[in-house]
Trainee: 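Got a structure here, written out as structure tokens. Questions coming.
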Amino acid sequence: MRAHPVLLQPINGSAFTICKRDLSCRDSRSIPFSSHIFFYLALAAMRTLRTRNTSEIGSTKPESPVEHSGKTTSAGRKFKHFTLPPILRRNSKSNSNVSFPDVPNTSCLIAAPQKELLTFEQNLERNCLSAAGQQLIDREEHLYGQISEVAQPTTEREKKEKEQLARDHKGLLSHIDLAVKSSLNLDEDSLEALKSAVKAILQEEEQDRRWLKQKSKRPSWRPSECRRHHDTVIQSLVEECMVNAELPPEESNKLRSSLQRDICGKGRRLQEDLLRVVKDVKGCYPEDMDICNLYGKMYHQAFSAGMRKIAEYGLGMVDCSYLLHWVNVAYPEILQNLELTKAINPEALGKLLTEELTTQLENQYLTHQETEVQTLINKVLNVEEQAWREGSVPELRDNCYFSPLAIDVIQFVNAAFESVETVLGDTSKVQMIACLLKDFLNSYKKFQEKVLKGSNNRNSRTVIMANLSCVEQFRDYIVKKADLFPVDIKECCLSIVADMKNCGYRSLTSPIHKDLKSQYSSLGTPIWLEKKQVFEKLLEGINKHTQDVRGLTDSCHQELLGQLHLEVTVEYVRRLLKRKIKLRDKRMQEQAARLVCEDGQRLNKLFTEAGSREEWLSDILARIAEVLKLQDISSIQLEIVTLSQAYPDLSDVQVTALLSLKSNLSASAVKRIKKTLLDIQDTTSSQDGPSFFSKV
């Protein structure tokens with residue numbers, strides 16, 4: 001009987017050959033039971049081999065193919081002839097007797113189970129895209145690049161295989177697209193599919209590079225530019241996400257317009273998706289693909305396009321300010337998220353809107369703010385002036401005359417400051433509002449001058465008292481918010497406020513000085529030196545007026561008494577330096593010194609008990625008394641120099657007047673003292689000190 005070789009292929013892919021003659025026997029009864037089992041196993045292996053050989057036409061080898069050698073099949077695969085173990089070989093001494101192993105030993109012919117080998121279609125179904133891609137690359141190399149050891153298939157067959165390969169390649173790209181489009185889903189399967197898709201993309205890119213190095217004709221789909229296609233798919237995905245972005249109803253209802261809901265919805269979607277990319281999607285890509293910055297760029301472009309489209313239409317002020325807030329503040333804050341900054345470079349993205357369009361919107365917004373603030377603060381001042389003209393007396397709050405003017409104006413100005421900072425994210429652009437406050441203070445000062453000129457009106461004094469508190473509030477606000485004001489604007493505002501304060505206090509102290517004029521006239525005269533009643537009457541008059549100054553806030557009352565304390569002391573020194581008295585000898589000089597010192601102490605006590613905090617004024621009269629008492633020229637020189645250093649505004653004329661009180665000083669002595677003072681002033685820089693003698 002002629003032996004026919006039969007190929008058997010175990011599970012691990014190794015082929016072996018047996019002969020049908022070896023499986024036959026004249027007397028079936030003489031074949032052991034174990035041989036029947038082996039026979040059926042052989043038949044099953046033959047059926048499996050026929051099935052595989054059929055399916056491999058147009059298919060590919062597995063992702064990790066087993067190398068073969070030997071005979072080549074019709075699909076180009078080589079198989080190795082497997083030699084049966086000696087126990088299964090034909091007996092060399094007999095052509096009829098075949099010995100088979102016992103049943104327990106037949107297991108040596110069955111290989112251990114290994115990983116299931118999937119077809120291309122099965123890999124696609126399971127989203128094993130890198131394995132499917134590798135299968136296509138293997139088939140591609142066989143059809144276009146490698147030379148088979150056997151005869152090439154017919155042209156018609158090769159054409160069909162290439163057409164099938166092109167269809168399969170297109171199917172692979174479609175599955176890659178689906179995996180990329182599903183990459184923002186949070187389920188584990190989507191991320192695993194994305195990882196496999198990325199590997200397939202890298203395989204395709206590498207295959208493109210290999211083909212570019214070859215001069216032979218390449219497939220119609222090469223180069224496939226899978227990476228570029230991947231970026232296009234992401235762009236399409238991002239644009240779709242941004243178009244469909246919506247806010248939850250509970251948040252949407254809080255916004256005033258559909259435009260605001262649209263902007264906020266897009267911004268929220270951008271933030272959430274970029275965080276998802278950084279946390280989950282990033283791990284599916286190699287670092288050199290820089291996927292986070294790619295997504296950041298795509299979302300930035302989509303958001304920017306939407307914002308530009310909105311900005312091109314005429315916007316109301318509410319929507320304009322909301323749009324600017326997102327451009328200047330909200331969007332930069334999203335990009336500065338700590339998790340995002342680790343993977344995305346916000347500086348490379350740029351601004352949402354062009355500089356030209358942003359400037360146009362900002363000018364519209366700032367002009368509106370300027371007009372609105374100016375209208376409000378001018379209205380407040382007009383109401384205040386109208387009330388004064390009608391003779392209205394400011395209301396009393398806690399026994400103090402009160403005006404809401406400063407509170408209202410500061411509230412409007414500060415709201416504008418905060419709005420500009422919130423919408424534009426830049427305090428340097430509030431200068432326009434700061435200039436408005438300067439203009440308002442100038443108008444306010446003119447109003448105060450009208451009130452002072454109309455001092456005969458019964459309500460003028462109370463209006464001044466109420467407005468002194470307002471002036472103080474403006475001063476405190478400007479100092480507190482100094483960083484919002486340009487330096488020149490701040491200094492101008494503070495200068496206006498200081499002038500208004502001084503004018504207001506002078507208007508209240510002038511009637512007091514007018515009433516005390518007769519007491520002032522006796523100071524520095526022989527009557528003052530001989531009779532203590534002169535200063536006693538002055539103190540009584542001052543005390544009476546300090547008791548009558550009511551209706552000011554505590555801080556303004558304290559400042560008014562300090563102003564009055566200064567003005568009384570200035571008047572005292574002025575009267576003394578008029579030289580209406582001659583201190584001819586030591587006794588008179590010591591008497592005058594003692595009186596000046598006592599007057600200074602009593603004056604200081606009266607004012608400090610009333611509320612003044614200008615205690616430094618008592619030192620001036622004490623120093624003048626010391627000059628009057630001293631007799632030694634050197635000591636007088638030293639005291640004059642010390643007085644000049646403490647109060648740099650002391651003039652040469654005032655020194656001359658003071659020394660003239662000591663009529664026993666010779667002209668040469670006076671000249672020596674003044675020369676020493678001039679030498680000291682020339683060699684030392686002027687020191688900062690309180691201003692006093694310039695007021696005398």
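Sequence positions, counted from 1, serve as the residue numbers for this chain. All values derive from a computational prediction rather than experimental measurement.
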Trainee: Determine whether a donor-acceptor pair (N or O, by modelled atom type, separation under 3.5 Å) exists between the side chain of N244 and the backbone of E240.
Mentor: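 Between the backbone of E240 and the side chain of N244 there is a qualifying donor-acceptor contact (under 3.5 Å).
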Trainee: What do you reckon, is CG of D398 surrounded by more than 12 foreign heavy atoms closer than 6.0 Å?
Mentor: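 Atom CG in D398 is not crowded, with 12 or fewer foreign heavy atoms closer than 6.0 Å.
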Trainee: Quick check: does any side chain N or O of N293 sit under 3.5 Å from a backbone N or O of N345, one acting as donor and the other as acceptor?
Mentor: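 Flag set: sc N293 to bb N345 pair under 3.5 Å.
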Trainee: Enter the distance from L468:CG to M500:CE here, rounded to the nearest 0.5 Å.
Mentor: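 Rounded to the nearest 0.5 Å, the CG-CE separation comes to 8.5 Å.
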Trainee: May I have the step-by-step check of salt bridge (charged side-chain N to carboxylate O under 4.0 Å, His left out) for E567 and R506, ending in yes or no?
Mentor: CA-CA 10 Å; E567 291 173 358; R506 278 199 304 269; over 6 Å; no
Trainee: Is there a side chain to side chain contact (heavy atoms under 4.5 Å, CB included) between L494 and V479? Walk through the geometry before answering.
Mentor: CA-CA 8 Å; L494 290 177; V479 171; 4.1 Å; yes
Trainee: What distance separates I542 CD1 from I512 CD1, expressed to the nearest 0.5 Å?
Mentor: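 Output value for this atom pair is 9.0 Å.
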Trainee: Mind running side chain to side chain contact (heavy atoms under 4.5 Å, CB included) on Q473 and I407 for me, showing each step along the way?
Mentor: CA-CA 8 Å; Q473 292 175 49; I407 294 176; 3.4 Å; yes
Trainee: Tell me, do V549 and L508 make a side-chain contact under 4.5 Å, heavy atoms counted?
Mentor: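 They are not in contact (no side-chain heavy atoms under 4.5 Å apart), so the answer is no.
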Trainee: Evaluate the side-chain proximity of E246 to R261: yes if any heavy-atom separation is below 4.5 Å, no if none is.
Mentor: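 With C-beta onward as the side chain, the pair stays apart.
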Trainee: With a 4.5 Å cut-off on side-chain heavy atoms, are Y401 and L552 touching?
Mentor: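 Side-chain contact under 4.5 Å: no.
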Trainee: If you measure only the distance, is there a donor-acceptor pair under 3.5 Å linking the side chains of E370 and Q374?
Mentor: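 Result is no, nothing qualifies.
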Trainee: Using atom types as modelled and distance alone, determine if a side-chain donor or acceptor of T375 lies under 3.5 Å from a backbone N or O of T371.
Mentor: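 Such a contact is found between T375 side chain and T371 backbone.
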Trainee: Hey, is the main chain of G425 close enough, under 3.5 Å, to the side chain of N328 for a donor-acceptor pair?
Mentor: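 Looks like no, no N/O pair under 3.5 Å.
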Trainee: Which pair of heavy atoms, one from A434 and one from I489, lies closest together, and at what distance?
Mentor: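 Closest approach of A434 to I489, heavy atoms only: O-CG2, 3.7 Å.
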Trainee: Test salt bridge (charged side-chain N to carboxylate O under 4.0 Å, His left out) on R389 and E385 and set out the steps.
Mentor: CA-CA 6 Å; R389 291 186 183 279; E385 185 171 352; 2.9 Å; yes
Trainee: Got a sec: does the CZ of R256 have more than 12 other heavy atoms crowding it under 6.0 Å?
Mentor: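 Not buried by this count: 12 neighbours or fewer within 6.0 Å.
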Trainee: Going by an N to O cut-off under 4.0 Å, is there a salt bridge joining E362 and K429?
Mentor: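 Answer for the salt bridge query: yes.
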Trainee: Using the ring of each side chain (for Trp, its six-membered ring), is Y444 parallel, tilted or perpendicular to F440, with breaks at 30° and 60°?
Mentor: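 Geometry flag for F440 against Y444: parallel rings.
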Trainee: For D515 versus S518, what's the shortest heavy-atom pair and its separation?
Mentor: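 Closest pair (atom of D515, atom of S518, distance): O-OG, 4.5 Å.
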Trainee: For the residue pair V534 and S522, what are the closest heavy atoms and their distance?
Mentor: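 Between these two residues, the closest heavy atoms are CG1-CB, 3.3 Å.
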Trainee: Ignoring hydrogens and angles, tell me if any N or O in the side chain of T367 forms a donor-acceptor pair with the backbone of Q364 under 3.5 Å.
Mentor: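 Here the side-chain-to-backbone pair does not exist.
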Trainee: Check for a donor-acceptor pair, side chain of Q654 on one end and backbone N or O of F693 on the other, with a separation under 3.5 Å.
Mentor: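 Yes, the answer is positive, given that a donor and an acceptor are paired below the 3.5 Å cut-off.
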Trainee: Is there a side-chain contact between T509 and H545 (heavy atoms, below 4.5 Å)?
Mentor: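 No, every pair of side-chain atoms sits at 4.5 Å or beyond.
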Trainee: Between N459 and S392 (side chain of the first, backbone of the second, donor and acceptor by atom type, cut-off under 3.5 Å), is there such a pair?
Mentor: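 Such a contact is found between N459 side chain and S392 backbone.
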Trainee: On the ring face of F402, is R397 found with NZ or CZ under 6.0 Å from the centre and within 45° of the axis?
Mentor: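 Satisfied, under 6.0 Å and within 45°.
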Trainee: When rounded to the nearest 0.5 angstrom, what distance separates CG in L315 from CG in L324?
Mentor: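 The distance works out to 9.0 Å.
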Trainee: Any salt bridge between E598 and R602, counting N to O under 4.0 Å?
Mentor: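 No.
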Trainee: Could you measure the distance from the OH atom of Y331 to the NE2 atom of H325? Nearest 0.5 Å is fine.
Mentor: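 Rounded to the nearest 0.5 Å, the OH-NE2 separation comes out at 14.5 Å.
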Trainee: Could you go through L603 and L539, starting from their C-alpha distance and side-chain angles, then the distance that decides it, and tell me whether this counts as side chain to side chain contact (heavy atoms under 4.5 Å, CB included)?
Mentor: CA-CA 7 Å; L603 193 64; L539 289 180; 4.0 Å; yes
Trainee: Can you measure from NZ (K254) to SG (C264) and round to the nearest 0.5 angstrom?
Mentor: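 That separation rounds to 10.0 Å.
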Trainee: Do E251 and R268 meet the salt-bridge criterion of a basic N to acidic O distance under 4.0 Å?
Mentor: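 Answer for the salt bridge query: yes.
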Trainee: Using modelled atom types and a 3.5 Å cut-off, is there a donor and acceptor pairing between side-chain atoms of S443 and backbone atoms of D439?
Mentor: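 Pair found, side chain donor or acceptor close to backbone of D439.
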Trainee: Are there over 12 heavy-atom neighbours, none belonging to K501, within less than 6.0 Å of that residue's NZ?
Mentor: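 Yes - once you tally the heavy atoms of other residues, nucleotides and ligands closer than 6.0 Å, there are more than 12.
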Trainee: How far apart are the closest heavy atoms of G504 and I464, and which atoms are they?
Mentor: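 Scanning both residues, the minimum pair turns out to be O-CG2, 3.8 Å.
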Trainee: Heavy atoms only: give me the nearest C241-R269 pair and the separation to one decimal.
Mentor: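 Minimum heavy-atom separation between C241 and R269: SG-NH2, 3.5 Å.
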Trainee: Answer yes or no: is there a side-chain heavy-atom contact under 4.5 Å between V641 and Q645?
Mentor: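 Of all side-chain heavy-atom pairs linking Q645 with V641, at least one is under 4.5 Å.
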Trainee: For E250, look at atom CD and say whether over 12 heavy atoms of other residues, nucleotides or ligands are found less than 6.0 Å away.
Mentor: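 Yes, enclosed.
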Trainee: With the threshold set at 4.0 Å, does a side-chain nitrogen-carboxylate oxygen contact exist between E571 and R575?
Mentor: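 Salt bridge: yes.
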Trainee: More than 12 heavy atoms of other residues, nucleotides or ligands under 6.0 Å from CG of N363: yes or no?
Mentor: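 Above 12, so yes.
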Trainee: Verify the distance criterion only: is there a donor paired with an acceptor across the side chains of N467 and S403 at less than 3.5 Å?
Mentor: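 No, no side-chain donor-acceptor pair sits under 3.5 Å.
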Trainee: Looking at E626 and R623, is any side-chain nitrogen of the basic one under 4.0 Å from a carboxylate oxygen of the acidic one?
Mentor: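 No, R623 and E626 are not salt-bridged.
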Trainee: Are the side chain of N253 and the backbone of P249 linked by a donor-acceptor contact shorter than 3.5 Å?
Mentor: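 Present.
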Trainee: Evaluate the side chain to side chain contact (heavy atoms under 4.5 Å, CB included) criterion for residues I496 and F474: first the C-alpha distance (whole Å), next the side-chain angles of each, then the deciding distance (0.1 Å), finally the verdict.
Mentor: CA-CA 10 Å; I496 296 171; F474 281 125; over 6 Å; no
Trainee: Can you measure from CH2 (W388) to OG (S460) and round to the nearest 0.5 angstrom?
Mentor: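 One gets 5.5 Å once the value is rounded to the nearest 0.5 Å.
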Trainee: Can you find a pair of side-chain heavy atoms, one from V277 and one from L184, that are under 4.5 Å apart?
Mentor: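 Sidechains of L184 and V277: in contact.
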Trainee: When you compare the side chain of L576 with that of W528, does any pair of heavy atoms fall below 4.5 Å?
Mentor: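 In short, these two side chains touch, coming nearer than 4.5 Å.
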Trainee: Can we say R475 and E559 salt-bridge, meaning some charged N sits less than 4.0 Å from an Asp/Glu carboxylate O?
Mentor: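 The answer is yes: the pair qualifies as a salt bridge.
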Trainee: Before you tell me yes or no, could you show the steps for F412 and F417 under ring pair (Phe, Tyr, Trp, His ring centres under 6.0 Å), namely the whole-Å CA-CA distance, both residues' side-chain angles and the distance that decides it to 0.1 Å?
Mentor: CA-CA 9 Å; F412 294 140; F417 278 151; over 10 Å; no
Trainee: Crowded around N399 CG? As in, over 12 foreign heavy atoms under 6.0 Å?
Mentor: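 No.
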Trainee: State whether a side-chain donor-acceptor pair under 3.5 Å links K695 with S691.
Mentor: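 Side-chain D/A pair, K695 to S691: present.
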Trainee: With heavy-atom distances below 4.5 Å as the criterion, would you say the side chains of T569 and F607 are in contact?
Mentor: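 T569 vs F607: side chains apart.
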Trainee: Side chains of Y299 and D273: is there a donor and an acceptor less than 3.5 Å apart?
Mentor: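 Yes, D273 and Y299 have a side-chain donor paired with an acceptor closer than 3.5 Å.
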Trainee: Report yes or no: do E418 and N414 form a side-chain donor-acceptor pair below 3.5 Å?
Mentor: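 On atom types as modelled, these side chains qualify, holding a pair under 3.5 Å.
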Trainee: Does the side chain of E615 pick up a donor-acceptor pair with the side chain of T608 at under 3.5 Å?
Mentor: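 Looking only at side-chain atoms, T608 and E615 do not form any donor-acceptor pair under 3.5 Å.
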Trainee: On a heavy-atom basis, which atom in S321 and which in V423 lie closest, and how many Å separate them?
Mentor: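 Of all heavy-atom pairs spanning S321 and V423, the closest is O-CG1, 3.4 Å.
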